[in-house]
Amino acid sequence: MANSENGGTPQLDELEKGPWPSFVTQIKAAAKGNKMSQDLLGQLEKSYRDKVGYWKHGGIVGVMGYGGGVIGRYSFLGKEFPNVAHFHTLRINQPSGWFYTSKALRTLCDIWEKHGSGLTNMHGSTGDIIFLGTVTDELEPTFAELTEAGFDLGGSGSDLRTPSCCVGPARCEWACYDTLHITNHLTQHFQDELHRPAFPYKFKIKCAGCPNDCVASIARADMSIIGTWRDEIQIDQAAVKSYADGGMNIERDICGNCPTKCMEWDGTKIDIDDENCVKCMHCINAMPKALRPGKDRGATILLGAKAPIVEGALLSSVLVPFIKLEPPYDELKDLIERIWDFWGEHGKNRERTGELMQRVGLGNFLEAIEVEPLPEMIAHPRENPYVFYEEYYEEDDGEEEEENEG
Amino acid sequence: MVIDRKTDIGPPNYEQFLPPVIKKNYGKWLHHEILKPGVMVHVGESGDKLFTVRAASPRLLSVTRIRDFADLADKYCGGHLRFTSRNNVEFLLTDESKIDALIKDLSTLGHPVGGIGNAISNIVHTQGWVHCHSAATDASGVVKCVMDDLCNHFTETELPGKLRIALACCLNMCGAVHCSDIAILGIHRRPPKADHATLNKVCEIPNVVASCPTAAIRPTTVDGKPSVEIDEERCMFCANCFSVCPALPMADALNDGVSIWVGGKVSNARSEPMFSKLAIPFLPNNPPRWPEVVEAVRNIVEIWAKNARKYERMGEFIARIGWPRFFKMTGIEFAKEHIDDFKYAGLSFKRSAQLRH
């Protein structure tokens, strides 16, 4: 219980001070009338005293027919804090772009107040709505009410994790494709892969509308879909002039920061050599009223990002330099399935796609998934001469060929 | 009894949650402007205006507070709101005259408005002691302390450029902190202690052996029971063995703590995306306010804020001044731990004579 009888929560109380909103205040709010949150407060206070966590590894719990979406969680201190002895997490697939109505939020709150701790994360690292803590018996009733309200669980374990995206065309003039639509479409299309873990390890997809990458897809997603364009940046020269008149140092702060030095400013007008523009977004970010991405828009697809475990952290690298992304996205879905097929067959247990690419070599990986090698995929060609040529000629090869032809 | 169950319905379609002004101007936004800290306006080709007010959130929210947000959305935004990729909450208004009243209500609830433009946005973070089995530090508590200290950089926009801070409470990095301007990372420093009595019952030994990136784990027999032994000199505390085997606990109050990493980014603006690099190998876990971590982060932020050029992110700033000067300016002691000794370590050695003297 919330500890007033055994000394309160003096450590956690310190975290209610200061200008930043306090998570302790949130747990205390949930603890009014909720025993799980009361015991969570008690266990957490003990963690703060002892400088160590008291949660066990997840067990296998879930809802019928699904292998993912619920993370089993048990306390080492079940006797002391019986109401968090079992304290499982549900991941609920968020709507694309994290848009809600007040009605939808209240529905989620009502369900969770009834069946769990009343505590959430809005949102988890992968993007899901997180319902933080309940007992096994409440999982199925929670799930039934969620699906009745139009919500479903997200991914967990060795499956397709819940795809997520930036705000995209809903509120951003830089979105080079419809991040919300494609995220929703892929999520619906791959429901089986999302709910029933059958991969060597997790697979994340994140959709960023432009190279600013507000969802950190290049660092956090096995497949990073980053919007871009291949024609000319749209320029409103009068608006450029207004920025200059307003005190912006265009020569130094815009042209000087251009990574390929493809811009020139003569004091009245900006000139961009678009063939040398690498779509970094800096000039557009700095002058949103004057510059816009081009009109021939699509995305770059990159593959392989992950955090350090096991073989070291990776950023995604280019797989498709440019692709048009229009519904029903067949070319993309086809590519994803070819990647999964090869990974499913050759990936080791707990090996991410990025690690597989490194292990078998990008060249071999490309061959396996039927993608042509391109110079856009590399920072530079190899520096060592240890090339694995796969074929060589014998003296009589030519004769055999002639015989075959004959 | 098997009743008729709904499954595989997927998430609700986002379209039903979009406010009318977004539906009307979807994909047809022309430009935007930051009006003041935490407030921006997007203007559509139609001339329509959409005002966004971004407020801080602790991410860990009670249903009570979510209902408060819903009430504000009803009062000011026709019942519409969204959350951001950095766990802020955004209110979407069409009536500019309501902005100040909304900000006042948010302030009464304890949620500062900011995080847009050249500011520090919310810290993305993990579960920590609140709900994770492998945490080497708490997450929400450290974030609260660091943001209490840096709150003025959230509510103002006077920094040279954007600054993104992330926290992960262990090397699993659910918070994927490895590409942040400043990353706070919980670390273990003691090798796992095998529980030989239960190991063979709760873990598959070949999996445990295979899980170690440095081949420090070997099968063995202890008191007649199959188990594993750890070559402690080869352990770099990644805890991957613990991830596959609960009988190899890593958490340890005496040795767990926090490391600080700097200079990563994910955006392509100006420079390519970069990994964060080690700045401070170890700081102690000192709950409830983690004063050493707060001080270390503030120091790095202040050095950058004072010396970086306009738009320069932390990594771009350090690339310009060089790492020796970064260590000198911040007063951080350079040590053996800063030098990589994992795969491809040689790529991080200085391979030129271009040095400042």
Side-chain angles (χ1 to χ4, degrees), chain A residues 11 14-15 18-21 23 26 29-30 47-48 51-53 55-57 65 93 95-102 105-106 109 113 118 120-122 125 147 150 152 169-171 173 180 187-188 191 211-216 218-220 253 257 280-282 288-289 307-310 313, chain B residues 6-12 14 17-18 22 26-27 29 31-32 42 56 58-67 70 73-74 79 82-83 85 110-111 129 133 135 140-141 144 147-148 151 171-176 178-179 213 240 246 251 253 266-270 273 285 287-288 310 343:
Chain A
Q11 296 264 328
E14 288 299 311
L15 292 168
W20 196 253
F23 71 103
Q26 295 304 309
S47 278
Y48 267 68
K51 303 185 187 184
V52 70
W55 298 105
K56 289 186 196 176
H57 265 67
N93 201 144
S96 291
W98 299 292
F99 282 94
Y100 297 92
T101 54
S102 52
L105 285 179
R106 289 198 186 96
C109 289
E113 189 170 52
T120 72
N121 288 150
M122 299 298 275
S125 287
T147 49
D152 197 350
R171 199 204 48 202
E173 66 270 29
L180 289 86
T187 309
Q188 292 290 357
Q191 280 291 292
N212 283 326
D213 199 356
C214 288
V215 279
I218 202 164
R220 307 181 68 162
D253 292 336
N257 274 321
C280 88
M281 292 295 293
H282 172 72
K289 285 179 158 178
I309 308 297
V310 181
Chain B
K6 271 191 197 174
T7 67
D8 298 89
I9 60 169
Y14 58 94
F17 300 135
L18 300 177
I22 284 185
Y26 195 91
W29 297 103
H31 57 76
H32 75 278
H42 284 78
R59 187 178 87 129
L60 201 171
L61 293 171
S62 65
V63 293
T64 317
R65 182 49 45 92
I66 296 173
R67 286 177 181 135
D74 283 343
R82 73 177 289 266
F83 293 84
S85 56
H111 295 267
W129 294 334
H133 65 291
S140 305
K144 161 78 175 141
M147 285 312 291
D148 274 343
C151 193
L171 270 61
N172 276 318
M173 285 193 194
C174 302
H178 54 289
C179 296
N240 194 42
V266 294
S267 143
N268 284 273
R270 300 169 304 283
N285 264 335
K310 195 170 182 188
K343 285 183 191 175

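Scope of the values below: all heavy atoms of this structure, side chains included, with no hydrogens, waters or symmetry mates. Sequence lines set the chain letters: A, B, ... in the order given, protein chains first and strands last, and positions in each chain run from 1.
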- Query: Just by modelled atom types, is the B:Leu61 backbone N or O under 3.5 Å from a matching donor or acceptor in the A:Thr120 side chain?
  - Reply: yes
- Can you name the closest pair of heavy atoms from A:Leu15 and B:Lys144 and give their distance? O-CE, 2.9 Å
- Item | Heavy-atom pair count under 4.5 Å with chain B, highest-scoring of A:Pro95, A:Ala30, A:Pro211 | A:Pro211
- Message: If you count heavy-atom pairs within less than 4.5 Å of chain B, which of A:Ile309, A:Val215, A:Leu105, A:Asp253 leads?
- Response: A:Ile309
- Among A:Pro308, A:Ala29, A:Pro169, single out the residue with the greatest number of heavy-atom pairs under 4.5 Å to chain B. A:Pro169
- Query: In terms of heavy-atom pairs under 4.5 Å, which option from B:Pro213, B:Pro273, B:Pro246, B:Gly110 contacts chain A the most?
  - Reply: B:Pro246
- Message: Keeping A:Gln188 on the side-chain end and B:Ile9 on the backbone end, is there a donor-acceptor pair under 3.5 Å?
- Response: yes
- Item | Leading residue by heavy atom contact count with chain B [cutoff under 4.5 Å; candidates A:Ser125, A:Pro21, A:Gly118, A:Gly18] | A:Pro21
- By a 4.5 Å heavy-atom criterion (distance strictly below it), what part of A:Ile218 contacts chain B: side chain, backbone, both, or neither? side chain
- Message: If we define contacts as heavy-atom pairs under 4.5 Å, which of A:Asn93, A:Asn212, A:Val52, A:Asn121 has the most with chain B?
- Response: A:Asn121
- Count the heavy-atom pairs under 4.5 Å between each of A:Gly65, A:Gly97, A:Cys214 and chain B, then report the option with the highest count. A:Gly97
- Message: Heavy-atom cut-off 4.5 Å, strictly under: side chain, backbone, both or neither for A:Lys56 against chain B?
- Response: backbone
- Message: So which atom in B:Pro11 and which in A:Gln191 form the shortest heavy-atom distance, rounded to 0.1 Å?
- Response: CD-NE2, 4.3 Å
- Item | Those residues that, when tested against A:Tyr48, pass ring-ring contact (aromatic ring centres under 6.0 Å, His included) (two or more places apart) | B:Trp129, B:Trp290
- Message: Give me the atom names and distance for the closest heavy-atom approach of A:Ala219 to B:Cys179.
- Response: CB-SG, 3.6 Å
- Turns out that what part of A:Thr187 lies under 4.5 Å from chain B's heavy atoms comes down to side chain
- Item | Mutual orientation of the aromatic rings belonging to B:Phe83 and A:Tyr100 [parallel < 30°, tilted 30-60°, perpendicular > 60°] | perpendicular
- Item | Contact class of A:Gln11 relative to chain B, heavy atoms under 4.5 angstrom | both
- Query: Can you tell me how far CH2 of A:Trp98 sits from CZ of B:Arg82, rounded to the nearest 0.5 angstrom?
  - Reply: 7.0 Å
